[in-house]
Amino acid sequence: MSHSLPLLQADCANCFALCCVALPFAKSTDFAVNKPAGTPCKNLRQDFRCGIHTRLRDQGFQGCTVFDCFGAGQQVSQVTFGGRDWRTHPETRGAMFDAFPVMRQLHELLFYVDQALGLPDAAPVHPELRRALAETEEWTRADAAALAGLDVTALRGRINTLLLKTSELVRAKVPGRKKNHRGADLMGARLSGANLRGANLRGAYLIAADLSRADLRTADLIGADLRDANLRGADLRGAVFLTQPQLNAAHGDPKTHIPATLTRPTHWT
């Protein structure tokens with residue numbers, strides 16, 4: 001990550017538990033209860049820490065262990081609102097909770113653009129990516145009112161065009177014919193041992209898919225839904241736009257190869 005960028009991973013100690021308050025929960029296999037946006041989770045303590053942090057999965061809050069704000073929480077807490085928390089300064093609640101999901105999208109975009117700039121094969125797109133990086137980084141320093149007026153969908157669309165070009169350039173270097181499963185419904189698919197090297201899996205639904213021992217090197221996984229996917233023994237080295245939340249949502253083991261920039265989830269066995 002560029003040293004000029006804000007930290008693109010969660011620093012919960014410097015956040016006012018915004019993901020536990022600002023975002024809604026829907027009762028499901030990921031969350032044990034319903035919770036409307038703007039309402040603190042019942043497990044949130046007064047010190048902004050989770051009362052069941054070490055038991056989240058056992059208590060039915062698997063979704064909390066998967067979520068990652070890409071550092072947006074501490075940015076909103078410490079930069080946008082200058083360290084004023086929503087409990088001590090209740091007048092900040094609405095604006096702070098509205099700013100958080102916008103900032104989260106900005107930080108996610110920074111993550112993708114920064115990753116693209118680290119790919120030598122994408123050099124032809126680097127000048128445009130650097131301009132996009134500078135623009136997005138500037139938005140992360142904006143005040144809450146400016147963030148509320150940002151058309152983040154339009155910004156995402158422009159950056160996505162550059163990320164698509166990046167993917168095409170990188171995957172073009174992979175020999176042989178590459179599979180195109182962009183946006184495909186592959187829920188529960190049996191892909192054990194499949195050759196998916198350099199494949200286009202952008203936005204693919206891979207929920208509970210068996211990808212054990214699959215070759216996913218240099219595959220484009222941006223937006224792919226890997227919830228409960230079996231990645232045991234899979235090779236994800238060089239996977240394009242793979243994120244920590246995607247790994248957290250899947251199942252792996254010590255034989256799963258992941259990019260050096262990501263962390264092996266603690267629940268993998």
Practice prompt. Anything under 30° is parallel, anything over 60° is perpendicular, the rest tilted; go ahead and classify F70 against F111.
Written response: tilted
Worksheet item: Same cluster or not: are L44 and I52 linked, directly or through other Ile, Leu, Val, Met, Phe, Trp or Tyr residues, by side-chain heavy atoms under 4.5 angstrom apart?
Response: no
Discussion item. Minimum heavy-atom separation for N14 and Q78, please, with both atom names.
Written reply: O-NE2, 3.0 Å
Worksheet item: Is there a side-chain contact between H181 and L186 (heavy atoms, below 4.5 Å)?
Response: yes
Worksheet item: Any donor-acceptor pair under 3.5 Å linking the side chain of Q115 with the backbone of F241?
Response: yes
Worksheet item: Quick one: does N34's side chain have a donor or acceptor within less than 3.5 Å of a partner on K27's backbone?
Response: yes
Practice prompt. Answer yes or no: is there a donor N or O on one side and an acceptor on the other, between the side chain of H267 and the main chain of A250, under 3.5 Å?
Written response: yes
Worksheet entry | K255 NZ to L231 CG distance, which is reported to the nearest 0.5 Å | 15.0 Å
Practice prompt. Would you check if the side chain of K35 reaches a backbone N or O of V33 as a donor-acceptor pair within less than 3.5 Å?
Written response: no
Discussion item. Please evaluate residues R202 and D220 with respect to the criterion salt bridge (Lys or Arg N to Asp or Glu O under 4.0 Å), reporting the C-alpha separation (whole Å), side-chain torsions for both, the decisive distance (0.1 Å), and the verdict.
Written reply: CA-CA 6 Å; R202 294 170 66 91; D220 184 346; 3.0 Å; yes
Discussion item. Donor-acceptor pair, distance only, cut-off 3.5 Å: does the side chain of H126 make one with the backbone of A116?
Written reply: yes
Fill in: Note, W268 side chain near I258 side chain (heavy atom, < 4.5 Å)
yes
Worksheet item: Taking everything shown except R45 itself, do over 12 heavy atoms lie less than 6.0 Å from its CZ?
Response: yes
Worksheet entry | Cluster overlap V240 with L8, hydrophobic side-chain contacts below 4.5 Å | yes
Practice prompt. Just say parallel, tilted or perpendicular for the rings of F100 and F67, cut-offs at 30° and 60°.
Written response: tilted
Practice prompt. Mind listing the closest non-hydrogen atom pair of D85 and T88 along with its distance?
Written response: OD1-N, 2.7 Å
Item to complete: Answer with yes or no whether the hydrophobic clustering places V125 together with L164; edges join I, L, V, M, F, W, Y residues whose side-chain heavy atoms lie under 4.5 Å apart.
Response: no
Worksheet, complete the sentence: What one should report as the nearest heavy-atom pair of A37 and A22 is CB-O, 3.2 Å
Discussion item. With a 3.5 Å distance limit and no angle check, can you tell me whether D253 reaches the backbone of G233 through a side-chain donor-acceptor pair?
Written reply: yes
Discussion item. If you count every heavy atom of other residues, nucleotides or ligands that lies below 6.0 Å from H89 atom NE2, does the total exceed 12?
Written reply: yes
Discussion item. When you measure from the side chain of R264 to the backbone of T256, do you find a donor-acceptor pair of N or O atoms at a distance under 3.5 Å?
Written reply: yes
Item to complete: Determine the minimum heavy-atom distance between F16 and G83, stating which atoms define it.
Response: CZ-O, 3.4 Å
Discussion item. Is the shortest side-chain heavy-atom distance between T166 and V113 below 4.5 Å?
Written reply: no
Worksheet entry | side chain to side chain contact (heavy atoms under 4.5 Å, CB included) between L106 and L147, worked out | CA-CA 10 Å; L106 293 174; L147 289 171; 3.8 Å; yes
Practice prompt. State, without any angle test, whether R232 and S212 hold a side-chain donor-acceptor pair at a distance under 3.5 Å.
Written response: no
Fill in: Test log, rule side chain to side chain contact (heavy atoms under 4.5 Å, CB included), inputs L201 and I222
CA-CA 7 Å; L201 291 164; I222 194 168; over 6 Å; no
Discussion item. Using side-chain heavy atoms (C-beta onward) and a distance below 4.5 Å, is L247 in contact with L236?
Written reply: yes
Fill in: Ion pair check, R237 and D235, cut-off under 4.0 Å
yes
Discussion item. Which residue is it: Q62, R57, R55? I am looking for the one with a side chain to side chain contact (heavy atoms under 4.5 Å, CB included) to Q59.
Written reply: R55
Discussion item. Tell me if a side-chain donor or acceptor on K179 pairs with a main-chain N or O of N195 at a distance below 3.5 Å.
Written reply: yes
Worksheet item: Given the rule that I, L, V, M, F, W and Y join up when any side-chain heavy atoms are under 4.5 Å apart, are L226 and V66 in one cluster?
Response: no
Item to complete: Kindly state whether the ring of F48 and the ring of W86 have centres lying under 6.0 angstrom apart.
Response: yes
Worksheet entry | Beyond-backbone contact of C15 with Q75, side-chain heavy atoms, under 4.5 angstrom | no
Discussion item. Side chains of C41 and V21, heavy atoms from C-beta outward: is any pair under 4.5 Å?
Written reply: no
Worksheet item: Any side-chain heavy atom of V102 within less than 4.5 Å of one from L150?
Response: yes
Item to complete: State whether the number of non-hydrogen atoms from other residues, nucleotides or ligands found under 6.0 Å of E138 atom CD is greater than 12.
Response: no
Worksheet item: Between R130 and E135, is there a salt bridge with N-O shorter than 4.0 Å?
Response: no
Item to complete: To the nearest 0.5 Å, tell me how far D225 CG sits from Q246 CD.
Response: 8.5 Å
Practice prompt. Answer yes or no: is there an ion pair linking D121 with K173, defined by an N-O contact shorter than 4.0 Å?
Written response: yes
Practice prompt. Grab the two heavy atoms, one from K178 and one from G198, that are nearest each other, plus how far apart they are.
Written response: CG-O, 3.0 Å
Discussion item. Heavy-atom count check: over 12 atoms from other residues, nucleotides or ligands less than 6.0 Å from R87 CZ?
Written reply: yes
Fill in: Where A146 and W139 come nearest, the two heavy atoms and their spacing
O-CZ3, 3.7 Å
Worksheet entry | Nearest-0.5 Å distance, CG of residue L129 to CD1 of residue I159 | 8.5 Å
Worksheet entry | Gap between atom OG of S167 and atom CG of N200 - 0.5 Å precision | 5.5 Å
Worksheet item: So how far is it from R156 CZ to E108 CD, rounded to the nearest 0.5 Å?
Response: 5.0 Å
Fill in: ILVMFWY cluster, I207 and L221 together (side-chain gap under 4.5 Å)
no
Worksheet item: Is a side-chain donor or acceptor of D228 paired with a backbone partner of N230 at a separation under 3.5 angstrom?
Response: no
Worksheet entry | Side chain to side chain, L18 and C69, heavy atoms closer than 4.5 Å | no
Worksheet item: Can you tell me if K165 uses its side chain to pair, donor with acceptor, with the backbone of T161 under 3.5 Å?
Response: no
Worksheet item: From L206 CG over to L191 CG, what is the distance, rounded to the nearest 0.5 angstrom?
Response: 7.0 Å
Worksheet item: Hey, mind stepping through R213 and S192 against side-chain hydrogen bond (donor to acceptor under 3.5 Å, both in side chains) and telling me if it holds?
Response: CA-CA 6 Å; R213 296 180 289 101; S192 180; 2.9 Å; yes
Practice prompt. Verify whether one side chain among R171 and T218 offers a donor that lies under 3.5 Å from an acceptor in the other.
Written response: no
